[in-house]
Number of protein chains: 2
Amino acid sequence: MLELRLVQGSLLKKVMEAIKELVTDANFDCSASGFSLQAMDSSHVALVALLLRSEGFEHYRCDRNISMGMNLNNMSKMLKCAGNDDIITIKADDGSDTVTFMFESPSQDKISDFEMKLMDIDSEHLGIPEAEYHAIVRMPSSEFARICKDLSSIGDTVVISVTKEGVKFSTRGDIGTANIVCMQNTTVDKPEEATVIEMNEPVSLTFALRYMNSFTKATPLSNTVTISLSNELPVVVEYKIAEMGYVRFYLAPKIEEDEDETKPQV
Amino acid sequence: MLELRLVQGSLLKKVMEAIKELVTDANFDCSASGFSLQAMDSSHVALVALLLRSEGFEHYRCDRNISMGMNLNNMSKMLKCAGNDDIITIKADDGSDTVTFMFESPSQDKISDFEMKLMDIDSEHLGIPEAEYHAIVRMPSSEFARICKDLSSIGDTVVISVTKEGVKFSTRGDIGTANIVCMQNTTVDKPEEATVIEMNEPVSLTFALRYMNSFTKATPLSNTVTISLSNELPVVVEYKIAEMGYVRFYLAPKIEEDEDETKPQV
DNA sequence: CTATTGAAAA
DNA sequence: TTTTCAATAG
């Protein structure tokens with residue numbers, strides 16, 4: 001028996017919007033500690049990891065660990081039927097091959113329930129090692145989204161270079177080149193507007209903008225984004241979910257000087 | 001000679017937006033009592049009835065009953081040229097085959113007139129008997145629109161079931177099932193937010209969501225919608241037009257247990 | 001927060 | 001053309 005009651009239902013709606021472009025089918029794993037997901041994108045290049053800790057739910061009951069395979073597009077369709085300030089409850093009976101989403105309007109006079117078939121999905125759960133990163137950049141998520149969008153109108157890849165002073169995003173395309181530098185800046189009115197750089201070693205890595213732009217679909221989840229970089233490691237683009245957890249995206253760097261379109265593997 | 005002056009011109013614009021998706025050509029009938037229309041939708045499944053009583057016009061002159069055939073798309077194009085707080089006057093000379101729409105800006109410094117050709121349209125004017133309905137639901141029009149939109153992302157038809165406690169909207173599709181229950185609720189701050197159920201007998205009827213969604217184009221006309229249901233009778237979805245009349249939509253229920261796509265007749 | 005509108009992208 | 005995104009108004 002599984003019953004998870006989330007007062008701020010809009011969070012779950014935003015999570016779905018954030019990941020459904022990248023991942024079409026995935027297993028949601030429920031345990032006593034929380035509700036999580038880990039999945040490769042359909043071209044097996046990027047990895048998405050979601051965690052919603054049990055403490056963030058108003059009510060959290062998960063008698064035994066279960067893994068529920070869902071089509072994220074269908075799940076998203078149903079979640080779109082929830083109002084933005086509805087309370088969402090996810091329910092599944094033991095052994096059932098369906099999951100039920102229940103939506104309660106704030107005034108409690110409208111109650112909806114949507115039942116969806118579960119699916120069997122093979123998935124290797126990758127252990128993601130905690131790594132030390134050469135550089136960690138925290139910046140406003142909207143600014144990062146704007147940069148990725150702007151650069152993708154010029155080129156296909158972005159070189160992210162971090163120095164103590166700032167982070168530089170560069171691209172190159174048929175029509176020219178572009179460089180956007182964000183200086184470290186901690187003297188802003190609101191902490192979420194700061195650009196903060198923690199750096200042990202300078203790094204410069206190249207990524208496909210197509211994936212970066214998919215990651216920025218998570219922008220509504222958080223005012224800030226954290227980008228963790230190391231040479232030879234996948235970048236981690238993390239959006240924290242207040243009081244509950246995170247959505248993290250992993251993407252392997254392209255090997256520099258490699259001008260063709262070979263797909264890197266995570 | 002016909003001359004109808006409507007101070008709140010936006011009403012007429014909204015009426016056109018409400019019905020032009022369903023009806024392409026129709027006769028507008030003018031008499032001393034008012035300006036009305038009755039027409040089947042192009043697939044002859046739903047019926048639209050409009051009434052604007054003469055008392056709602058600032059000036060109403062209609063020397064003799066006339067029926068003016070108009071293409072609603074063209075009429076809508078012209079009405080879109082009126083500002084939302086323009087005063088609209090509809091004029092037609094006896095025996096003329098055109099109608100003129102005149103728009104006066106509130107400040108009276110801009111006066112437009114648009115002349116449109118009338119057309120000959122055959123139409124049987126159906127007498128719609130006043131019926132006793134088993135159940136009448138009044139609810140916020142925006143909520144009804146939201147429900148029809150949400151359900152149509154899951155299935156093609158909606159089952160509307162009314163009990164004393166509330167009204168349930170259900171659908172079923174490839175990806176799962178959905179049920180939305182709205183409780184009777186008369187204890188709200190504003191009367192237009194109430195959900196009120198008058199029921200003599202429980203009813204449960206099935207309708208095509210495609211038509212329901214067309215009906216909800218009338219949502220801007222009124223804060224509330226009234227849904228009148230009886231077994232074996234077409235449902236009536238009514239949007240009242242303040243001080244003037246109504247737009248009513250009629251749609252025959254699908255015969256239950258009928259899984260194929262036969263079109264019901266009104 | 002929702003709804004509408006206009007602009008931009010697929 | 002259809003769909004989606006962003007922005008603004010209520």
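Every chain is numbered from 1, with letters handed out A, B, ... down the list of sequences.
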Pairs: protein N or O with nucleotides 1-3 of chain C N or O, under 3.5 Å:
from: C:dT2; atom 1: OP1; to: A:Asn84; atom 2: N; distance (Å): 3.3
from: C:dT2; atom 1: OP2; to: A:Asn84; atom 2: ND2; distance (Å): 2.8

Listed by chain and number, what are the ring-ring contact (aromatic ring centres under 6.0 Å, His included) partners of A:Phe207, not counting sequence neighbours? none

For the student: nearest non-hydrogen atoms of B:Ala82 and B:Lys13, plus distance: O-NZ, 2.5 Å

In whole angstroms, how far is the C1' atom of C:dT4 from the CD atom of B:Glu17? 12 Å

According to salt bridge (charged side-chain N to carboxylate O under 4.0 Å, His left out), who are the partners of A:Lys110, at least two apart in sequence or on a separate chain? none

Those residues that, when tested against A:Glu55, pass salt bridge (charged side-chain N to carboxylate O under 4.0 Å, His left out) (two or more places apart): none

Taking distance alone, no hydrogens or angles, what donor-acceptor pairs closer than 3.5 Å link side-chain atoms of residues 235-245 of chain B to residues at least two apart or in another chain?
from: B:Glu238; atom 1: OE1; to: B:Arg248; atom 2: NE; distance (Å): 2.6
from: B:Glu238; atom 1: OE1; to: B:Arg248; atom 2: NH2; distance (Å): 3.4
from: B:Glu238; atom 1: OE2; to: B:Lys240; atom 2: NZ; distance (Å): 2.6

Rounded interatomic separation in angstrom, taking CG from A:Asn213 and P from C:dA8: 17 Å

Let me know, please, whether A:Lys149 or B:Thr219 comes out on the 5' side of the other along DNA chain C by nearest nucleotide. B:Thr219

Between D:dT4 (C1') and A:Asn73 (CG): distance, integer Å: 15 Å

State which residues pass salt bridge (charged side-chain N to carboxylate O under 4.0 Å, His left out) with A:Glu58; sequence neighbours excluded, sorted by chain then number. A:Arg5

